[in-house]
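Below you'll find the structure, written out as structure tokens, and then a few comments.
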Amino acid sequence: MSVRQSSNSARARGLTHVPPGEVTLQDALAALADPVRRSILRELAAVPEWTKACGTFDLPVAKATRSHHFTVLRAAGLIEQRDEGARRLNRLRRPEFDAAFPGLLDLVLSHPGP
């Protein structure tokens, strides 16, 4: 196994995905309160699942801050991520989140602007 394969496997093992049904309303609202995270969700809602890599989002933040935002969204049950080669792809967990918090994501995604 190459060093790159080993590193990618270790990176993937570090991903934690919380089921939306285990997220409190407070945690969901906190994740949705940030305009950068809402921007990420809007972009994901506009594309097919697993087609948007982390590095392709147009965000006004540093790489470390970007990573933090994705971690918060995963912890709130809003997104799922998987590694494909050197890219980390994303999926909006809309059906699962809608089941836990009906209408909340629709409201957030329909609100224009930051």
Side-chain angles (χ1 to χ4, degrees):
M1 177 183 313
S2 74
V3 172
R4 183 172 186 94
Q5 286 173 321
S6 176
S7 146
N8 279 343
S9 296
R11 188 175 97 152
R13 281 193 299 270
L15 290 177
T16 302
H17 295 96
V18 177
E22 294 180 11
V23 174
T24 66
L25 177 59
Q26 181 62 40
D27 288 342
L29 292 173
L32 293 167
D34 187 276
V36 171
R37 291 193 285 270
R38 290 193 307 268
S39 170
I40 292 169
L41 296 175
R42 281 190 202 95
E43 284 192 50
L44 284 176
V47 298
E49 291 184 351
W50 304 118
T51 59
K52 189 93 173 142
C54 291
T56 64
F57 288 84
D58 185 23
L59 302 174
V61 295
K63 186 176 179 180
T65 305
R66 175 185 303 246
S67 294
H68 168 73
H69 286 302
F70 283 107
T71 299
V72 170
L73 291 171
R74 273 196 330 268
L78 283 154
I79 67 169
E80 185 177 1
Q81 295 181 304
R82 73 176 185 208
D83 292 332
E84 261 186 32
R87 300 176 352 141
R88 178 160 285 169
L89 299 178
N90 299 277
R91 175 181 86 88
L92 179 61
R93 298 176 74 182
R94 189 168 195 154
E96 302 100 301
F97 194 82
D98 284 345
F101 303 100
L104 182 55
L105 199 50
D106 286 336
L107 178 64
V108 168
L109 293 175
S110 68
H111 189 274

Starting from L41, can I reach V72 by hopping between I/L/V/M/F/W/Y residues whose side chains sit under 4.5 Å apart?
no

Here the ring pair (Phe, Tyr, Trp, His ring centres under 6.0 Å) pairs for residues 17-49, sequence neighbours left out, are none

How would you list all residue pairs meeting salt bridge (charged side-chain N to carboxylate O under 4.0 Å, His left out) that involve residues 15-33, not counting sequence neighbours?
none

Qualifying ring pair (Phe, Tyr, Trp, His ring centres under 6.0 Å) pairs, either residue in residues 26-49, two or more places apart
none

Which ILVMFWY residues can you reach from V47 by hopping between side chains whose heavy atoms are under 4.5 Å apart?
none

Which pairs with one or both residues in residues 52-62 pass salt bridge (charged side-chain N to carboxylate O under 4.0 Å, His left out), sequence neighbours excluded?
E43-K52

Side-chain cluster (under 4.5 Å, hydrophobic types only) that W50 belongs to, other residues:
L89

How close do V23 and A28 get, counting heavy atoms only, and between which atoms?
CG1-N, 3.8 Å

How far apart are the closest heavy atoms of I79 and L44, and which atoms are they?
CG2-CD1, 3.6 Å

Indicate yes or no for a side-chain donor-acceptor contact from T71 to the backbone of S67 under 3.5 Å, with no hydrogens or angles considered.
yes

Enumerate the salt bridge (charged side-chain N to carboxylate O under 4.0 Å, His left out) contacts for residues 66-75, please, sequence neighbours excluded, ordered by first and then second residue.
none

Side chain to side chain donor-acceptor pair (under 3.5 Å) involving R37 - partner list, sequence neighbours excluded:
H69

Distance-only check: which donor-acceptor pairs under 3.5 Å involve side-chain atoms of residues 96-114, not counting sequence neighbours?
residue : atom : partner : partner atom : Å
E96     : OE2  : R91     : NH2          : 2.4
D106    : OD1  : R94     : NH2          : 2.2
S110    : OG   : D106    : O            : 3.0
S110    : OG   : L107    : O            : 3.1

Check L73 against A31 and note the closest heavy-atom contact, atom names and distance.
CD2-O, 4.5 Å

Consider only side-chain heavy atoms of I, L, V, M, F, W and Y, link residues closer than 4.5 Å, and tell whether I40 and L15 are in one cluster.
no

Rounded to the nearest 0.5 Å, what's the gap from CZ on R93 to CD on Q81? Could you check?
11.0 Å

Roughly how far, to the nearest 0.5 Å, is CG of N90 from CG of L78?
12.0 Å

